[in-house]
Amino acid sequence: KHWSEGVAKRAVKYSGKLSYGEAAEALVELGQIDISAKSVWRLTQHWGAVMKQVEAQEDIAANRKVESTATGKVEEKLDVRLGAAMDGAMIYVRGEEWKELKVGCLYEVETEPTLDPETGDWIEVGHARKTSYVSHLGGPEEFGRKMWTEAKRRDWLHALDTQVVGDAASWIWNLVQTYLYDAHQVVDWYHATEHLALAAQVAFGENSPEALHWFKQQKTPLFQGHADQVAQSILDLGKQKPAAQEELRKQAGYFTHNQHRRQYLEMRSEGWLIGSGMVESGGKRFKDRFTCSGMRWSRTGAERLLPVRGAIMSRRFDECWLKAYNSPPI
């Protein structure tokens, strides 16, 4: 059956938020559109493939935009600070089992008064605004190209200043060195405190008063950027507790590695983000659509739905739909 553009657009958009069956039910209840879950699936598979093409077209457009402004003179900077963050989430692919979905986001950094829960003071803290998302079910190379396309679309090269936040995964910082190397770089503060808490538990026992005391004692120098001091404190604990020495050595290595990306006090005082909550939230929102009970995806099915979900999360669905609907047929 041939569906009108309006029906097709609604079906695809709803399927980016709900299961195919739920999307069909919503179309019946809200739009009095008698459509089956299988038809919603077929429409999403078709237009999801077209939206994948739109992503490729945006890469070409972003490169042209950069080339057209490369006049050999210093370009005027935009009055905006931009940030990027990357993380991974797991979805189930039939025949491959659980696979990592790489998720990235671009955002504007804005400061606003925020109540500090520890001091009770109002301070200016950086927040992520106007966040857009990209994803890739596969290796870092293609994902890195997608991140760079989105960065160029967001005028990364003309931003007043930039930052990247991520956990300690090496693939993230390898991509940063390739594409976003001149940005301020921050290893997520909350991951760092989790490792600090783990070291305390290994040394003193889970939830023990000694573990809590040591954790609070080390948290301040960590926040002040003295990750090397924290690493040495963990190594010293290992000497005192031989049974836990090997695990404590591993935790100390976490703080030794990426030390230059742990200037938390400096970054926060300058209005930058020190946590990767925005991309972790994005990963959970992708998982909300792809990991409900009983869901098992073919690789093709997942890859065609991902750009739909990403466009919705980025609040760009209408824009991307218009480009897809007017693009050459596939």
Side-chain angles (χ1 to χ4, degrees), residues 55 58-87 103-116 121-135 143-167 172-190 192 223-225 258-282 310-311 313-316 319:
E55 288 182 343
E58 287 188 336
D59 182 47
I60 296 171
N63 285 329
R64 286 175 178 169
K65 182 178 182 180
V66 170
E67 291 169 2
S68 67
T69 57
T71 59
K73 62 182 180 181
V74 177
E75 296 292 331
E76 183 178 351
K77 293 294 185 179
L78 302 174
D79 187 22
V80 63
R81 298 195 300 171
L82 293 177
M86 291 171 265
D87 200 8
V103 177
C105 68
L106 275 293
Y107 53 89
E108 292 185 8
V109 179
E110 296 181 1
T111 58
E112 62 181 52
T114 304
L115 185 64
D116 188 316
D121 297 329
W122 286 92
I123 56 175
E124 291 286 331
V125 174
H127 293 269
R129 299 288 183 261
K130 300 179 182 178
T131 307
S132 57
Y133 295 90
V134 300
S135 64
F143 174 73
R145 287 190 285 271
K146 287 189 173 186
M147 280 292 292
W148 184 226
T149 293
E150 183 63 8
K152 289 180 289 185
R153 190 188 71 81
R154 298 288 300 263
D155 274 324
W156 182 273
L157 295 174
H158 299 126
L160 194 63
D161 210 349
T162 56
Q163 79 159 154
V164 181
V165 185
D167 61 25
I172 292 177
W173 302 109
N174 289 340
L175 291 181
V176 172
Q177 290 305 109
T178 300
Y179 295 105
L180 311 172
Y181 50 86
D182 57 350
H184 300 287
Q185 300 174 18
V186 183
V187 169
D188 175 68
W189 162 251
Y190 302 102
F223 185 72
Q224 292 173 339
N258 285 315
Q259 182 179 330
H260 63 291
R261 299 184 175 113
R262 301 183 191 278
Q263 304 304 313
Y264 300 118
L265 179 59
E266 178 183 345
M267 289 292 97
R268 194 165 189 252
S269 65
E270 293 179 1
W272 293 109
L273 282 71
I274 61 172
S276 59
M278 75 300 286
V279 73
E280 291 183 29
S281 173
M313 289 168 53
S314 304
R315 299 181 180 179
R316 294 188 63 216
E319 174 190 347

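For this chain, numbers begin at 1 and follow the sequence in order.
- In this structure, the side chains of Gln185 and Gln177 come closer than 4.5 Å at one or more pairs of heavy atoms.
- Arg153 is listed as a side-chain neighbour of Ser132, based on a closest heavy-atom distance under 4.5 Å.
- In this structure, Arg129 places its CZ atom where more than 12 heavy-atom neighbours from other residues, nucleotides or ligands lie under 6.0 Å away.
- Under the ring pair (Phe, Tyr, Trp, His ring centres under 6.0 Å) criterion, Trp189 pairs with Phe223, Tyr264, not counting sequence neighbours.
- Counting only distance, with no hydrogens or angles, the side chain of Trp173 and the backbone of Asp167 share a donor-acceptor pair below 3.5 Å.
- Checking side-chain atoms of Glu110 against main-chain N and O of Gly126 turns up no donor-acceptor pair under 3.5 Å.
- Using a 4.5 Å heavy-atom cutoff, the side chains of Tyr107 and Val165 are in contact.
- Counted within 6.0 Å of CG on Asp79, heavy atoms from surrounding residues, nucleotides or ligands total 12 or fewer; the atom is thus considered open.
- For Tyr133, there are no ring pair (Phe, Tyr, Trp, His ring centres under 6.0 Å) partners at least two apart in sequence or on another chain.
- Using a 4.0 Å cut-off between charged nitrogen and carboxylate oxygen, Glu58 and Arg316 count as a salt-bridge pair.
- Ala311 pairs by the side chain to side chain contact (heavy atoms under 4.5 Å, CB included) definition with Met51, Phe317, Cys320, not counting sequence neighbours.
- In terms of the side chain to side chain contact (heavy atoms under 4.5 Å, CB included) criterion, residue partners of Ser135 (sequence neighbours excluded) are, by chain and number, Leu101, Phe286, Leu306.
- Partners of Thr114 under the side chain to side chain contact (heavy atoms under 4.5 Å, CB included) rule, at least two apart in sequence or in another chain, are Glu112, Val125, His127.
- Put simply, the side chain of Ser281 never gets that close to the backbone of Gly277: no donor and acceptor are under 3.5 Å apart.
- For Asp188 (side chain) and Tyr190 (main-chain N/O), a donor-acceptor pair under 3.5 Å exists by modelled atom type.
- Taking the centre and axis of the six-membered ring of Trp272, the NZ or CZ atom of Arg81 falls inside the cone set by 45° and 6.0 Å.
- The only option from Lys152, Arg154, Lys146 that meets the side-chain contact (heavy atoms from CB on, under 4.5 Å) definition with Glu150 turns out to be Arg154.
- With sequence neighbours excluded, no residue satisfies side chain to side chain donor-acceptor pair (under 3.5 Å) with Asn174.
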